[in-house]
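Following: one structure in structure tokens, then a few remarks.
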Amino acid sequence: MAEQPVRPWTNAEIADIMDRIGDLVEVSEKEGPFQVRAYHRAADNIRHLDGDIVRIWQEGALEDIPGVGKAIAKKIDELMRTGHLRFLEELEKEVPPGVLDMLGVPGIGPKRARMFWKKLGITSVEELKKAAESGKLRTLPGMGAKSERKILEGIALLQSIPDRIPLGEARPLAERIIEELERLGPEIVEKISLAGSARRWRETVGDLDILVASTNPQPVMDEFVSLPEVSEVMLKGETKTSVRLHNGLQVDLRVLEPERWGTGLQYFTGSRAHNIALRNLALEQGWSLSEYALKRVDTGEEKLCSTEEEVYETLGLPWITPELREDRGEIKAALEGSLPHLVDLSDLKGDLHSHTTWSDGSYSIEQMAEAARDRGFSYHAITDHSTGLGVVQGVDGDRLEAQRRIVDGLNKKWKDFRLLLGVEVEVMADGSLALPDEVLARLDVVIAAVHSGLNQERETLTERAILALRNPNVDILAHPTGRLLGRRKGGNFDIEAILQEAARLGKAIEVNSSPWRLDLNDVFVRRAMELGVKISINSDAHKVSGLDDLLYGVKTARRGWAEPENVINTWPLERLLDWLKRHDQT
DNA sequence: GCCGTTTTCGGCCCGACTGTTTTCAGTCG
């Protein structure tokens, strides 16, 4: 039995601690800028790790994590063994906690936070506000009346704006802004694209980046700041303008020369980690890579790239799709020619999770089926909620029989399409299912879902999910963490253990496509792929338009390096039915 | 503090914009 940590640290908690050390070290000037960056880099990598940090520690493999060397590994080890970290506690004794809070105010970085603290004795955002209001800050070098006003605005903003908003909320806004800018016409807006984390389909975004190729930037900037969505212009320059929308979202617009579009789009799509890795690769080959060009280090000769493909090709790489650009091994894979052939929306042959008016959906069985068929799907599963979920009127054995008659009747109409009948069955508090086995056994597909008791202990929750998976009638585990982006964190499941069990049983885990779920997320999809676990990219549609969400699920799966073969609903009907049947016999 | 198909020591991404500056530091991405 592996050694147990004194508490079950999560990757996010360890990452937060490393970020905190980085901030403290910087504000206290204990170490130089490279150490600071090392802590933040380690934090970043730990936060986006595929595996569980506790397990990695147990395997003694901490130093295999990029950016984690002897010193940081030792600190993590101390946290695992003792639950605290002396180094961090020393730093916290030195720097008052409110000084770090000031870093959250836009426009305040470590240098200013330190100056306010050391020169004026300011140790909280509240004190900072008072000092700005009373004109004290302007007595400091580099500060004036305008800086004070900006800081006050920043503090007001701090209270009203969420950190990151779900992509499903941000992307439609971005698409609308792009449409509005396109109306300037192709003479002015030669090219336009979303960039940044939204182009990479990250599940949440902190801001939006929009890129325009133009030889005439001024009208683009002018149009941008006067769009109806804009509530405030934060900064406006010749090539870069930032605004805030009414919902608080920041949008950055950059204008590039068309012949530099490739390097620019590459650069502003990120991620930062991917770009740094790419830049380093370029340097190894004698190139300096910027958003403007590739430049020979020796001769200074510039190579302009008007497409991203040219940028990657010059460095000896195939074009890397934005979803993969997170520095999680994609550059190495590209060098080796082993990039995955990612699943695409067009690979999906059907959807295996949807609702109708028989539970909490808004459309009939027939309407949902026709909508799926109109999309060119060759199958579609109706999986209404079972009884046992308090808030919803669910289906039981009798109602499922009634649904079966409707489904059988509809299936007579189609030659090219098959409607499947299933259920999203409730996993009860003890891990049993809300419907008896003989009812489940008659269905084409059974999805098990934990909706209630998400605040149970990790062991209990994990056990429930695993027991559900072990029921021979269950084919798929729905939205495994139960999170709702921006609203609810999700249960404290041991996803690693659940994936291992799914691998052992040969069952599928859902990638729920609702932009508010995206569950499994990209990182866990990647882990599922490593373990050979099949996934099912499901819409969980409650209305016809919900089928559009499948794009979000596909993108999430792509971020997790999923190939069509790993996705059961890319398989032809016959193969899927065989696979579904196999479970019933185990 | 991390890292290495040129390195176990000497590097570490880099440019736009702002405010307060007579030439630049700080912040941000």
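By convention in this document, chain letters (A, B, ...) are assigned in the order of the sequence lines, proteins followed by strands, and residues within each chain are numbered from 1. No hydrogens, no waters, no symmetry mates; every other heavy atom, side chains included, goes into these values.
- dG11(B) and dA16(B) have their P atoms separated by 26 Å, with the value rounded to a whole Å.
- No engagement by Glu284(A) is indicated, since no non-hydrogen atom pair under 4.0 Å with the nucleic acid exists.
- Separating the C1' atom of dT20(B) from that of dA25(B) is a span of 10 Å, rounded to the nearest Å.
- Going from the C1' atom of dC3(B) to that of dT8(B) covers 9 Å, rounded to whole Å.
- Annotation: salt bridge (charged side-chain N to carboxylate O under 4.0 Å, His left out) contacts involving residues 212-226 of chain A, sequence neighbours excluded, comprise Asp222(A)-Lys236(A).
- Residue pairs meeting the salt bridge (charged side-chain N to carboxylate O under 4.0 Å, His left out) criterion with at least one member in residues 73-87 of chain A, sequence neighbours excluded, are Glu3(A)-Arg81(A), Asp77(A)-Arg81(A), Glu78(A)-Arg86(A).
- Between dC14(B) and dC9(B), the distance separating the two C1' atoms is 24 Å to the nearest Å.
- Between the side chains of Gln266(A) and Tyr312(A), at least one donor-acceptor pair of N or O atoms lies under 3.5 Å.
- Between dC28(B) and dC13(B), the distance separating the two C1' atoms is 14 Å to the nearest Å.
- A donor-acceptor contact shorter than 3.5 Å links the side chain of Asn45(A) to the backbone of Pro66(A).
- At the heavy-atom level, Pro106(A) lies under 4.0 Å from the strands shown only through sugar-phosphate atoms.
- Here, dT21(B) and dT27(B) have their C1' atoms 16 Å apart, quoted to the whole Å.
- Applying the Watson-Crick and G-U wobble criteria (two distances, each under 3.5 Å), dG1(B) pairs with dC12(B).
- Partners of Val36(A) by side-chain contact (heavy atoms from CB on, under 4.5 Å), not counting sequence neighbours, listed by chain and number: Val25(A), Glu26(A), His40(A).
- Ile108(A) comes within 4.0 angstrom of sugar-phosphate atoms only, judged by non-hydrogen atoms across all strands, and of no base.
- At a threshold of 4.0 angstrom between heavy atoms, the contacts of Val68(A) are confined to the sugar-phosphate backbone, with no base atom among them.
- Side-chain contact check for Glu310(A) and Ser306(A): at least one donor-acceptor pair (N or O, by modelled atom type) lies under 3.5 Å.
- Across residues 253-273 of chain A, Tyr267(A), Arg272(A) each have a non-hydrogen atom less than 4.0 Å from an atom of DNA chain B (numbered order).
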Show every donor-acceptor pair shorter than 3.5 Å between a side-chain atom in residues 550-562 of chain A and any protein atom, with sequence neighbours excluded, or say none if there are none.
| residue | atom | partner | partner atom | Å |
| --- | --- | --- | --- | --- |
| Lys555(A) | NZ | Glu323(A) | OE2 | 3.1 |
| Thr556(A) | OG1 | Tyr552(A) | O | 2.9 |
| Arg558(A) | NE | Glu323(A) | OE2 | 2.6 |
| Arg558(A) | NH1 | Val343(A) | O | 2.9 |
| Arg558(A) | NH2 | Thr321(A) | OG1 | 3.3 |
| Arg558(A) | NH2 | Glu323(A) | OE2 | 3.4 |
| Arg559(A) | NE | Asp522(A) | OD2 | 3.0 |
| Arg559(A) | NH1 | Arg200(A) | O | 2.9 |
| Arg559(A) | NH1 | Glu326(A) | OE2 | 2.9 |
| Arg559(A) | NH2 | Glu326(A) | OE2 | 3.2 |
| Arg559(A) | NH2 | Asp522(A) | OD2 | 2.9 |

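- The residue Arg112(A) sits close only to the backbone: its heavy atoms come under 4.0 Å of sugar-phosphate atoms, none of a base.
- Looking at residues two or more places apart in sequence or on another chain, you find a side-chain contact (heavy atoms from CB on, under 4.5 Å) between Gln35(A) and Glu31(A).
- Note: Asp209(A) CG to Ser242(A) OG = 8.5 Å, rounded to the nearest 0.5 Å.
- The stretch residues 147-157 of chain A participates, sequence neighbours left out, in these side-chain hydrogen bond (donor to acceptor under 3.5 Å, both in side chains) pairs: Arg138(A)-Glu148(A).
- In this structure, Ala145(A) reaches the sugar-phosphate backbone alone: every heavy-atom distance under 4.0 Å involves primed, P, OP1 or OP2 atoms, never a base.
- Contact annotation for Ser147(A): backbone-only contact, meaning every heavy-atom pair under 4.0 Å involves sugar-phosphate atoms and none involves a base.
- Evaluation of the salt bridge (Lys or Arg N to Asp or Glu O under 4.0 Å) rule for Asp494(A) yields Arg55(A), Arg458(A) as partners, not counting sequence neighbours.
- When the C1' atom is used for both dT5(B) and dG1(B), the distance is 24 Å, rounded to whole Å.
- Pro66(A) comes within contact range of the sugar-phosphate backbone alone, with a heavy-atom separation under 4.0 Å but no base atom that close.
- The ring-ring contact (aromatic ring centres under 6.0 Å, His included) contacts involving residues 166-197 of chain A comprise nothing, where partners must be two or more places apart or lie in separate chains.
- Looking at residues two or more places apart in sequence or on another chain, you find no salt bridge (Lys or Arg N to Asp or Glu O under 4.0 Å) involving Glu563(A).
- In this structure, Thr239(A) reaches the sugar-phosphate backbone alone: every heavy-atom distance under 4.0 Å involves primed, P, OP1 or OP2 atoms, never a base.
- Where Gly107(A) and Tyr292(A) each meet DNA chain B at their nearest nucleotide, the meeting point lying more 5' is that of Tyr292(A).
- The outermost nucleotides of DNA chain B lying under 4.0 Å from heavy atoms of chain A, listed 5' to 3', are dG1(B) to dG29(B).
- Of the residues in residues 304-316 of chain A, not one comes within less than 4.0 Å of DNA chain B through any heavy atom.
- Both Lys236(A) and Ile72(A) lie close to DNA chain B; mapped to their nearest nucleotides by heavy-atom distance, the more 5′-ward contact belongs to Ile72(A).
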